[in-house]
Enquirer: 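Structure incoming, see below.
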Amino acid sequence: MTPDIERAVALLRRGELVAFPTETVYGLGADAANASAVAKIFAAKGRPADHPLIVHLPSAAHLSRWARETPAETEALAAAFWPGPLTLILKRRPEVSDAVTGGQDTVGLRVPGHPLALELLQAFDGGIAAPSANRFGRISPTTADHVREEFGGRVPLVLDGGACPVGIESTILDLSRGTPVLLRPGSIGPADLARVLGRVPETAPQADAPRVSGSLEAHYAPRTPLALVSSDGLLFALRNALVAGERVAVLAPTAQAITHDLVTWKQVPAEPAGFAHDLYASLRALDALGCARILVQQPPAGEAWLAVNDRLRRAAAGAGEDDET
Ligand code: TXA
Ligand code: MG
């Protein structure tokens with residue numbers, strides 16, 4: 001065991017917080033079996049206590065310690081996608097703490113696909129409750145520096161695993177309702193799930209999942225107002241901003257179209273995985289410039305872009321607000 005992992009396990013056992021990398025985003029972890037440790041996550045994030053957390057497991061063999069029912073699809077999904085960016089919502093065992101589940105009868109479980117996360121989980125040999133390691137309503141962190149920016153010294157240990165390879169949060173699939181329901185799109189898409197399920201999962205109407213904080217409109221938001229625009233709309237909005245003498249930031253999959261002192265242009269990859277990988281780090285960097293607005297060139301519609309468009313829509317809905325709804 002490396003000294004860092006040893007220290008992380010010791011902290012978790014003492015009921016302290018440890019931030020760690022996953023393949024999606026960094027998590028702010030606590031011993032999921034220790035309600036007062038879990039309470040520290042909510043305090044650090046400023047997150048309402050009725051928002052449930054994902055419990056991260058070292059392997060699918062741990063499922064039955066947390067879930068009282070595992071429907072037929074569970075095993076095949078776990079075999080196909082774990083370790084990996086898929087969270088399964090299952091009926092919880094009675095001893096799972098309300099602090100983790102937000103008092104719901106279900107629990108969110110996943111085995112993350114990051115070597116450092118797995119090393120930590122295997123050494124800890126238990127469940128680690130971890131939301132994304134950001135203050136409530138803010139952009140999820142994809143590097144250890146982002147986590148330090150969010151919490152300063154408040155988190156005793158941040159394990160540094162470099163930049164997260166996926167860059168957006170896991171796909172959440174609810175298996176507790178009799179039929180699989182997609183609660184949050186992610187890099188594992190409906191077609192990937194359908195290959196294992198034999199059918200495309202249903203999609204939850206927003207109103208159906210009020211306690212899934214990732215489903216609140218104003219989430220993952222920068223402080224700078226953010227507008228989603230078409231490629232034509234981008235040039236129009238840029239011209240207007242420059243006429244008004246405003247500083248603007250642009251996030252677009254195309255090369256810089258305007259060179260101007262007032263314009264900062266960040267080009268991101270033009271395919272979904274690359275766009276997702278760069279999205280949060282780019283938004284954070286642009287947010288720090290103090291521009292009047294961030295203009296994001298909207299990617300195409302279509303399933304390949306589902307998760308990226310979902311996060312962009314939420315970022316636009318919540319941007320520039322001090323708090324989320
Ligand atoms: O990729 C991820 O999922 C990252 C990494 C750290 O694993 N975690 C993450 O956690 O995004 P968080 O807390 O920021 O988002 C987890 C989402 C929330 O929207 C939460 O409401 C939902 O999972 N969730 C957790 N348990 C649930 C449950 N029992 N029923 C419905 N939604 C649940
Ligand atoms: Mg989050």
Side-chain angles (χ1 to χ4, degrees), residues 17-30 32 38 41-42 44-57 66-68 81-93 96-114 116-118 120-121 127-142 146-147 150 159 161 164-177 181-188 204 206 208-221 276 280 307 310-311 314-315 318 324:
L17 301 181
V18 172
F20 62 98
T22 80
E23 77 282 40
T24 58
V25 300
Y26 275 72
L28 183 61
V38 172
I41 296 178
F42 289 91
K45 276 191 66 110
R47 183 177 188 168
D50 63 349
H51 283 235
L53 303 176
I54 294 171
V55 178
H56 298 70
L57 304 176
W66 301 88
R68 69 172 186 272
F81 298 114
W82 284 354
L86 176 67
T87 297
L88 297 177
I89 307 295
L90 295 164
K91 296 258 174 67
R92 69 158 168 175
R93 288 178 66 113
V96 181
S97 122
D98 281 341
V100 168
T101 66
Q104 304 193 67
D105 190 36
T106 53
V107 60
L109 300 167
R110 92 175 183 100
V111 179
H114 190 290
L116 212 48
L118 285 172
L120 175 65
L121 284 159
I128 300 180
S132 51
N134 52 280
R135 307 258 319 151
F136 185 57
R138 293 299 165 199
I139 303 169
S140 295
T142 56
H146 295 167
V147 180
E150 290 286 316
L159 292 175
C164 300
V166 175
I168 57 170
E169 302 81 356
S170 61
T171 304
I172 303 183
L173 187 70
D174 190 346
L175 294 181
S176 73
R177 307 186 189 191
V181 181
L182 184 65
L183 297 184
R184 180 173 71 184
S187 62
I188 295 173
Q206 296 292 320
D208 234 30
R211 307 267 278 286
V212 182
S213 66
S215 78
L216 291 176
E217 277 305 312
H219 217 70
Y220 317 113
Y280 290 152
D310 170 79
R311 302 308 191 278
R314 295 178 208 286
E324 76 169 18

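Order of listing sets the numbers, starting from 1, for every ligand and every atom in it. Fair warning: this is a prediction, and the values are worked out from it, not measured in the lab.
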Enquirer: Determine, for Asp105 against Arg93, whether the closest basic-nitrogen to carboxylate-oxygen distance falls under 4.0 angstrom.
Expert: no
Enquirer: The criterion is side chain to side chain contact (heavy atoms under 4.5 Å, CB included); which residues satisfy it with Ala32, sequence neighbours excluded?
Expert: Val55, Trp66, Val100, Ala129
Enquirer: Could you tell me which atoms of ligand 1, counted from 1 in the order shown, lie closer than 4.0 angstrom to a heavy atom of Ile172?
Expert: 17 (C), 22 (C), 23 (O)
Enquirer: Just heavy atoms, cut-off under 4.0 Å: does Lys91 contact ligand 1 by side chain, backbone, both, or neither?
Expert: neither
Enquirer: Just distances here: any N/O of Ser132 and N/O of ligand 1 closer than 3.5 Å?
Expert: yes
Enquirer: Verify whether the ring centers belonging to Phe136 and His51 lie closer than 6.0 Å.
Expert: yes
Enquirer: Record the part of Asp174 in heavy-atom contact with ligand 1 below 4.0 Å; permitted values are side chain, backbone, both and neither.
Expert: neither
Enquirer: Do you see a donor-acceptor pair shorter than 3.5 Å between the side chains of Ser140 and Arg311?
Expert: no
Enquirer: Can you name the residues that form a ring-ring contact (aromatic ring centres under 6.0 Å, His included) with Phe20, not counting sequence neighbours?
Expert: His56
Enquirer: Answer yes or no for Arg110: is there a heavy-atom contact with ligand 1 below 4.0 Å?
Expert: yes
Enquirer: Below a 4.0 angstrom heavy-atom separation, can you tell me which part of Arg184, side chain or backbone, both or neither, approaches ligand 1?
Expert: side chain
Enquirer: Decide, counting backbone as well as side-chain atoms, whether Asn134 has an N, O or S atom less than 2.8 Å from the Mg ion (ligand 2).
Expert: no
Enquirer: Within less than 4.0 angstrom of ligand 1, does Thr101 place any heavy atom?
Expert: no
Enquirer: Can you name the atoms of ligand 1, numbered from 1 with element, that are less than 4.0 Å from a heavy atom of Ser170?
Expert: 1 (O), 2 (C), 3 (O)
Enquirer: If we set the cut-off at 4.0 Å for heavy atoms, which region of Thr106 has an atom near ligand 1: side chain, backbone, both, or neither?
Expert: both
Enquirer: Quick check: does Tyr26 get an N/O under 3.5 Å from an N/O on ligand 1?
Expert: no
Enquirer: Heavy-atom contacts with Leu53 under 4.0 Å: which atoms of ligand 1 show up? List them by number with element.
Expert: 25 (C), 26 (N)
